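Notes follow once the structure below has been shown.
Computed from a predicted structure; not experimentally measured. Computed from heavy atoms alone, side chains included, the values below leave out hydrogens, waters and symmetry copies.
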Amino acid sequence: MEIEITRIDQPKAKPDESNLGFGTIFTDHMFTMDYTEGKGWHDARITPYSAFDMNPATMVLHYGQTIFEGLKAYRKEDGSVQLFRPRDNFARLNRSAKALCLPEIDEEEAMEALMTLLEMEKEWVPSAPGTSLYIRPFTIAMDPYIGLKSSPKVRFMIILSPVGAYYPEGFNPVKIWVSPEHVRAVRGGLGAAKTAANYAASLYATEIAQQEGYTQVLWLDGVERKYVEEVGSMNIFFVIDDEVVTPELSGSILAGITRDSVLKLAAHQGKKVAEKRIAIDDVFKAHEEGRLQEVFGSGTAAVISPVGMVKFGDREITVGDGGAGPVASNLFTDLMDIQYGRNEDPMEWIVPVK
Ligand code: COI
């Protein structure tokens, strides 16, 4: 693939790594490629990071035909940079593309685009503990048209953002609120796609949760309102009777790459793991019977996030002693050690950046 490169005249000053927060600082350059029906993808380019013009009728602004991904580049102690399972992100982007009637990208071309951009922006990968360079590839409907159809003009972009912890709590436990009435997605809908609609659908209930003092919403299935699905920005895990369990991929939850990594790492650590339907009542029952050992979430942004409290209706439980449990702590350490190259990579998940 030909990528036309235009470099910035004056690189921006690098941010203070001790205070990165999440998702507010962007690097010097971005990747863009356009798609036109009948012509395919064209005009691959890397340009200075900047705003771009959009006709107010641009379809993505009205109908939400958009998909995105999230992955990270990590700086190793020896100064080199590496990625974690990037091809899985582009494969998932293509699954989301199918669900949203957006054109798929060539996964190897997307890798080439990402690698070229990262080689230019390598200095932006922070090295302070727990920091990384968050990578946001996304595809948006670009045709200016006030009518409903899938857009014949599309744009694919990659932007980069140096980040610290996603939750202000860091690895400290978060409190989650199980919504008794709001629904994020239903089977047969878009729940498994990484698309704006699912995140927009989560905002209202998340505000309620936050007003009540909780960090995030734990969603139940949209039909029976009984089975646990996921948290707005993470998949969810329970440790019950020494087994690490997570909701099965029902079609309405996101197939998290960190979720899959946690399942594989936990099995590699010799733990019993299972993907199955989990009723919220069974979680509370397991707690009553002293069998619920831990709850934690997983996601690229959140990494592994212990859950200290769960509230559902008028019932609220403190998980264990409310702190991070040993299973979440070990998985967090093992995962981070692989991602930051401090430990071997038994699953061959790492891709080095030149
Ligand atoms: C991620 O974990 O990468 C996500 O896309 C979640 C988002 C809410 C930051």
Exercise. Taking the six-membered ring for Trp, are Phe26 and Tyr49 parallel (under 30°), tilted (30 to 60°) or perpendicular (over 60°)?
Worked result: parallel

Exercise. If you measure only the distance, is there a donor-acceptor pair under 3.5 Å linking the side chains of Glu121 and Thr27?
Worked result: yes

Exercise. Going by the angle between their ring planes, with limits at 30° and 60°, are Phe284 and Phe312 parallel, tilted or perpendicular?
Worked result: tilted

Seminar exercise, completed: One should read off an interatomic distance between Glu104 CD and Ile67 CD1, to the nearest 0.5 angstrom, of 9.0 Å

For residues 159-168, tabulate all N or O donor-acceptor pairs below 3.5 Å that involve a side-chain atom, not counting sequence neighbours.
from	atom 1	to	atom 2	distance (Å)
Ser161	OG	Ile25	O	2.8
Tyr167	OH	Ser233	OG	2.9

For this session: Please identify each residue that fulfils side chain to side chain contact (heavy atoms under 4.5 Å, CB included) with His182, with sequence neighbours left out.
Result: Trp177, Ser179, Tyr204, Ala205, Ile208, Trp219

For this session: Give the minimum heavy-atom separation between Ile135 and Ala73, together with the two atoms involved.
Result: CD1-N, 3.9 Å

For this session: Following the transitive rule for hydrophobic clusters with a side-chain heavy-atom cut-off under 4.5 Å over Ile, Leu, Val, Met, Phe, Trp and Tyr, establish whether Val183 and Tyr214 coincide in one cluster.
Result: no

Exercise. Does atom NZ of Lys122 have more than 12 heavy-atom neighbours from other groups under 6.0 Å away?
Worked result: yes

Problem set entry | Distance-minimising heavy-atom pair for Ile338 and Glu344 | CG1-O, 3.5 Å

For this session: May I ask whether Phe90 and Phe84 are part of the same hydrophobic cluster, defined by side-chain heavy atoms of I, L, V, M, F, W, Y residues being less than 4.5 angstrom apart, directly or through others?
Result: no

For this session: Look at Asp260 together with Arg85 and state whether they make a salt bridge at an N to O cut-off of under 4.0 Å.
Result: yes

Seminar exercise, completed: CG (Asp282) and CG (Leu292) are apart, to the nearest 0.5 Å, by 11.5 Å

Problem set entry | Residues Glu230 and Arg184 bridged, charged N to O under 4.0 Å | yes

Problem set entry | For Ser329 against Ala324, the heavy-atom pair lying closest together | OG-CB, 3.9 Å

For this session: Please determine if Glu243 and Lys276 form a salt bridge, counting it only when a charged side-chain N lies under 4.0 Å from a carboxylate O.
Result: yes

Exercise. Between CG of Asp28 and CD of Glu123, what distance do you get to the nearest 0.5 Å?
Worked result: 9.0 Å

Problem set entry | Closest heavy-atom pair and its distance - Thr300, Thr258 | N-OG1, 3.3 Å

For this session: In plain terms, say whether Glu275 and Arg259 are close enough for a salt bridge, that is, a side-chain N and a carboxylate O under 4.0 Å apart.
Result: yes

Problem set entry | OG1 on Thr116 to CE on Met1, rounded to 0.5 Å | 6.5 Å

For this session: Test Val262 against every option in Val273, Leu331, Ile257, Thr246 by the side chain to side chain contact (heavy atoms under 4.5 Å, CB included) rule and name the one that passes.
Result: Leu331

Exercise. In terms of side-chain heavy atoms, does Ser305 have a donor or acceptor partner in Glu169 at a distance below 3.5 Å?
Worked result: no

Exercise. Less than 4.5 Å apart, any side-chain heavy atom of Thr66 and any of Leu100?
Worked result: no

Exercise. Is the backbone N or O of Ala255 less than 3.5 Å from a side-chain atom of Asn235, with the two atoms forming a donor-acceptor pair by type?
Worked result: no

Problem set entry | Transitive ILVMFWY side-chain link Ile317 to Val174, under 4.5 Å | yes

Exercise. Looking at Ala141 and Leu102, what are the two nearest heavy atoms and their distance?
Worked result: N-CD2, 4.5 Å

Seminar exercise, completed: With Arg87 as partner, the option from Glu108, Glu107, Glu69 fulfilling salt bridge (charged side-chain N to carboxylate O under 4.0 Å, His left out) is Glu108

Exercise. Nearest heavy-atom pair of Leu61 and Pro56: which atoms, and what distance?
Worked result: CD1-O, 3.9 Å

Exercise. When clusters are formed by joining ILVMFWY residues with side-chain heavy atoms under 4.5 Å apart, either directly or through shared neighbours, do Val244 and Val295 land in the same one?
Worked result: no

Exercise. Quick one: CE on Met120 to NE2 on His29, what's the gap to the nearest 0.5 Å?
Worked result: 4.0 Å

Exercise. Could you go step by step and tell me if Val307 and Ile236 meet the side-chain contact (heavy atoms from CB on, under 4.5 Å) rule?
Worked result: CA-CA 9 Å; Val307 173; Ile236 190 85; 4.3 Å; yes

For this session: Answer yes if Leu118 and Ile3 sit in the same cluster of Ile, Leu, Val, Met, Phe, Trp and Tyr residues linked by side chain heavy atoms under 4.5 Å apart, and no otherwise.
Result: yes

Exercise. Are the side chain of Arg136 and the backbone of Phe68 linked by a donor-acceptor contact shorter than 3.5 Å?
Worked result: no

For this session: Verify whether one side chain among Tyr227 and Glu248 offers a donor that lies under 3.5 Å from an acceptor in the other.
Result: no

For this session: Go through the side-chain N and O atoms of Gln269 and Asn330 and say whether any donor and acceptor fall under 3.5 Å apart.
Result: no

Exercise. In Å, rounded to the nearest 0.5 Å, how long is the span from CG of Leu114 to CD of Glu119?
Worked result: 10.0 Å

Exercise. Within the side chain of Asp242, is there an N or O that forms a donor-acceptor pair under 3.5 Å with the backbone of Lys272?
Worked result: no

Exercise. Do Arg342 side-chain atoms and Tyr340 backbone N/O form a donor-acceptor pair below 3.5 Å?
Worked result: no

